[in-house]
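Keep in mind that this is a model prediction, so the values were computed, not measured. Because only heavy atoms are used, hydrogens play no part in the values below, and waters and symmetry mates are left out as well, while side chains stay in.
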Amino acid sequence: MLLTGSQRRIIGQGAGSSRAFAIALVCMELIVVIALSAHGALGAEYYVSNAGSDDADGRSPQTAWRTLAYVSAQSFEPGDIIRLRRGDVWREGLRPCSGTEDGPVTYSAYGDGPKPLLLGSLRMNRPDDWVDEGNNIWATREPNVTATGTELIRNSDFSTGVGHWSLYAENGAKARVARDTEQFVSAPSACRIDCEAPGKNSSDIQFYISSLPIEEGKIYRLSFRAKATVPLDLHTARLMATGPPWAGYSRELPSRRRVTGEWQEFHDYYTAVRTAQDGRLTFFLGGLLPEGAGLFIDDVSFREAQGEVLGADVGNIILNREELCGVKVWNEEDLDTQGEYWYDEESRRLKMYSVGCPATVYTDIECALRLHMINQSGGHHIVYENLALKYGGAHGIGGGSTHHITVRDCDFGFIGGGDQMGGDRTVRFGNGIEFWGAAHDNLVERCRLWEIYDAALTNQSGGPQTDETITYRNNLIWNCEYSFEYWNRPEASLTENIRFEHNTCINAGHGWGHTQRPDPSGRHLCFYTSPARAKGISIRNNIFYEARTNAFYAPTWTDEQVEALELDHNCWFQAQGVMMSLKDTPYTMDQFAEYQTQRGQEPHDAEGLDLRLRADSPCIDAGGDVGVTTDFAGARRPQGDAPDIGAYEHTGE
């Protein structure tokens with residue numbers, strides 16, 4: 001369905017017999033049985049509140065836990081429900097516990113008021129948070145961290161060999177490790193790693209030490225000295241689990257630093273998110289250590305520390321309670337305009353250009369850290385409902401190899417913008433909800449997503465894996481760079497049964513990140529190069545209203561790939577520019593009929609922020625039946641002769 005200029009008002013502006021009775025009873029009983037089987041046996045309920053205590057049992061609102069770090073460290077049973085108090089705020093990420101086929105683990109809400117709010121940011125509102133460095137440059141303070149705990153690494157100066165460390169290589173990469181008694185900082189030796197074949201992925205060569213005890217909530221400092229035979233970028237070592245699924249054990253994510261031919265001292269900081277005895281520090285060297293190069297490491301120390309540190313890249317600065325955002329630059333010398341900022345990976349400090357102390361110029365400063373607010377890598381049988389996630393510099397919900405995940409009635413705002421690679425590879429990223437790699441049987445419904453740096457919703461893969469049975473329905477999306485992004489590589493991969501239905505998508509590319517991007521896009525459907533086999537991709541009953549560049553973008557897709565998509569009963573409007581960007585043939589809105597004929601798509605043609613349909617909207621009763629029986633607000637669908645297009649069903653109110 002194509003919307004004409006006069007029809008833009010479809011979007012609101014500003015915000016029986018005894019036998020039948022018996023059948024109804026049977027249906028009700030069946031619904032109850034299905035509901036119980038979906039959740040399995042009734043599990044325990046746990047409560048989390050800003051007024052709680054992690055020393056409590058968490059089994060009632062009166063004995064609630066306090067922190068998400070403590071929640072993340074727990075092992076829950078199938079059917080358990082963890083309820084966060086409405087109106088409370090946590091500046092923490094969440095690492096969920098998986099359920100089983102017997103029942104999911106559910107993270108939800110209780111009480112009255114706004115949805116529980118998870119913030120991925122640090123507030124820098126005090127004048128004492130900033131140091132005047134002159135010339136209108138203001139910096140956060142030096143990391144105030146002192147190592148106070150017992151040394152956790154044995155033989156930290158390699159005086160008795162390298163036996164506590166391990167070297168692993170795969171995918172054709174080759175390296176060797178040995179003591180070097182000629183080049184060192186502390187006598188009699190250092191550790192030297194020589195690369196014979198670098199590999200392609202960072203994980204192809206790993207140098208690590210295991211069995212490090214850590215405690216949830218505590219800060220740890222890693223110190224070491226390093227040099228190399230050729231200049232190279234070195235990832236920050238990752239604090240992680242020793243075995244599968246190789247979960248991360250800290251909030252901080254890797255960045256890079258330059259290692260040269262001279263000995264330099266490096267410091268990294270980690271805030272543990274779990275208590276564990278199997279902590280592992282891993283230097284990922286694949287693809288970074290050139291063939292024939294040698295890396296020297298000496299005086300390695302890993303100890304508990306006290307203090308504060310800005311431990312991750314800042315992906316966005318949200319100012320004056322979302323009135324405006326800071327502008328990220330990549331070099332300190334580029335700081336010359338009010339509101340520009342730069343994150344120094346080496347010193348872990350944020351620098352900002354401001355005529356006057358930022359804390360007095362702005363009424364509120366939220367620095368979004370490059371962290372997934374919910375990191376669910378390897379997670380399965382998990383439900384998130386009635387949660388709000390805002391101000392994160394990476395993904396709202398991210399992680400690979402997930403299945404049986406449900407995200408329902410959640411909000412995602414001002415997400416993304418962090419540096420994905422670190423070092424000289426300056427690539428910003430961040431999606432609202434991402435299903436990466438081999439993901440299947442996942443559902444996102446009745447969520448609101450806005451001001452996302454990249455895609456509001458996406459499933460994508462970079463390996464020979466299968467994505468299947470992922471459904472996005474009844475969601476409201478606005479001011480995101482992409483409403484939905486999809487790609488899968490290589491050809492050995494398979495994508496099957498992806499459904500994007502009954503979603504209302506508004507103003508793609510109108511968000512905070514658009515003008516800051518090196519590749520400003522603004523697309524509702526963004527389909528990058530995707531040689532993987534694909535079938536059953538359905539895009540139906542959606543509203544796509546205004547995009548900066550294209551409502552549908554797939555210029556590298558073959559005609560056969562486009563024809564294999566099922567696009568029908570969608571409502572399109574884009575006043576200017578190319579609305580459908582396809583291989584060799586772009587289509588404007590005026591050429592929509594040609595698009596229908598030539599591409600064989602959209603055969604059914606028809607003529608605060610309130611996204612409900614007006615009574616005279618051509619989207620009413622214009623959809624197709626795709627089995628979605630309720631709308632974003634839970635109203636019965638359909639209300640008339642057929643389902644309405646978009647997330648809302650018109651109820652006559």
Side-chain angles (χ1 to χ4, degrees), residues 143 145-169 175-195 202 205-215 218-229 232-242 248-250 252-272 276-286 288-289 293-307 309 311 345-348:
V145 178
T146 303
T148 58
T150 302
E151 179 58 60
L152 298 178
I153 292 181
R154 294 174 289 173
N155 186 33
S156 61
D157 59 359
F158 301 100
S159 60
T160 60
V162 296
H164 299 302
W165 291 79
S166 299
L167 185 68
Y168 171 81
R176 63 180 185 273
V177 60
R179 292 175 67 202
D180 192 300
T181 57
E182 296 182 358
Q183 302 187 61
F184 51 79
V185 177
S186 298
S189 63
C191 173
R192 175 170 178 154
I193 303 164
D194 290 296
C195 178
S202 62
I205 300 177
Q206 303 175 31
F207 182 59
Y208 63 91
I209 187 169
S210 302
S211 302
L212 301 175
I214 57 173
E215 188 174 340
K218 291 188 175 181
I219 298 174
Y220 295 86
R221 186 179 76 174
L222 171 66
S223 301
F224 64 96
R225 297 178 185 271
K227 72 172 186 174
T229 57
L232 57 89
D233 288 330
L234 181 66
H235 278 302
T236 302
R238 185 184 179 200
L239 180 60
M240 57 190 291
T242 296
Y249 277 174
S250 76
E252 290 68 34
L253 295 179
S255 59
R256 296 190 186 189
R257 74 285 307 285
R258 196 68 170 170
V259 178
T260 66
E262 301 295 327
W263 286 105
Q264 300 175 73
E265 185 172 5
F266 299 98
H267 300 282
D268 294 312
Y269 307 94
Y270 306 83
T271 303
Q277 299 297 314
D278 68 334
R280 165 174 156 168
L281 280 169
T282 306
F283 289 93
F284 289 92
L285 305 175
L288 300 177
L289 194 60
L295 172 66
F296 300 84
I297 296 177
D298 203 358
D299 288 348
V300 185
S301 173
F302 187 68
R303 304 169 63 187
E304 182 185 335
Q306 302 291 329
V309 62
E345 291 182 9
E346 185 173 346
S347 69
R348 301 293 198 270

Original post:
Can K227 and E262 be said to form a salt bridge (Lys or Arg N to Asp or Glu O under 4.0 Å), step by step?
Top reply: CA-CA 5 Å; K227 72 172 186 174; E262 301 295 327; over 6 Å; no
**OP:** Could you please spell out the steps behind the side-chain contact (heavy atoms from CB on, under 4.5 Å) verdict for L289 and D194?
**Re:** CA-CA 8 Å; L289 194 60; D194 290 296; over 6 Å; no
Could you tell me the separation between the [atom1] atom of [X] and the [atom2] atom of [Y], rounded to the nearest 0.5 Å?
X    : Y    : atom1 : atom2 : result
Y269 : R348 : OH    : CZ    : 8.0 Å
F296 : W263 : CZ    : CH2   : 7.0 Å
D157 : R225 : CG    : CZ    : 12.0 Å
L234 : Q264 : CG    : CD    : 10.5 Å

Subject >> Audit row: C195, I205, side-chain contact (heavy atoms from CB on, under 4.5 Å) steps and yes/no >> reply: CA-CA 9 Å; C195 178; I205 300 177; 4.2 Å; yes
Whether the [X] and [Y] side chains hold a donor-acceptor pair (N or O, under 3.5 Å, no angle test) is what I'd like checked.
X    : Y    : value
R280 : Q206 : yes
S301 : E151 : yes
D299 : S186 : yes

Side chain proximity check, [X] to [Y], heavy atoms < 4.5 angstrom:
X    : Y    : value
V300 : L281 : no
V162 : N155 : no
H164 : R154 : yes
F284 : R238 : yes
F207 : V177 : yes
I153 : I209 : yes

Using every non-hydrogen atom in the two residues, find where [X] and [Y] come nearest and quote the distance to one decimal.
X    : Y    : answer
L288 : L232 : O-CB, 3.9 Å
F158 : I297 : CE1-O, 3.4 Å
Q183 : A190 : O-CB, 3.4 Å
Y270 : L239 : CD2-CB, 3.8 Å
I193 : A175 : CG2-CB, 4.5 Å
M240 : Y249 : O-CD1, 3.5 Å

Original post:
side-chain contact (heavy atoms from CB on, under 4.5 Å) between H235 and S202: does it pass, once the steps are laid out?
Top reply: CA-CA 9 Å; H235 278 302; S202 62; 4.3 Å; yes
**OP:** Could you give me the CA-CA distance, side-chain angles and deciding distance for R257 and D268, then say whether salt bridge (Lys or Arg N to Asp or Glu O under 4.0 Å) is met?
**Re:** CA-CA 11 Å; R257 74 285 307 285; D268 294 312; 2.5 Å; yes
**OP:** Kindly say whether A272 contributes a backbone atom to a donor-acceptor pair with the side chain of E215 at under 3.5 angstrom?
**Re:**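 Looks like no, no N/O pair under 3.5 Å.
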Original post:
Which of these passes side chain to side chain contact (heavy atoms under 4.5 Å, CB included) with D278: T242, L212, I214?
Top reply: T242
Subject >> Pair F224 + F266: ring centers closer than 6.0 Å >> reply: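 Ring centroids of F224 and F266 are less than 6.0 Å from each other.
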Original post:
Are the aromatic ring centres of Y208 and F283 under 6.0 angstrom apart?
Top reply: no
**OP:** Start with the C-alpha distance between S189 and T181, add both sets of side-chain angles, then the distance that settles side-chain contact (heavy atoms from CB on, under 4.5 Å), and finish with yes or no.
**Re:** CA-CA 4 Å; S189 63; T181 57; 4.0 Å; yes
Original post:
How would you list, by chain and number, every residue that makes a salt bridge (Lys or Arg N to Asp or Glu O under 4.0 Å) with R179, sequence neighbours excluded?
Top reply: none
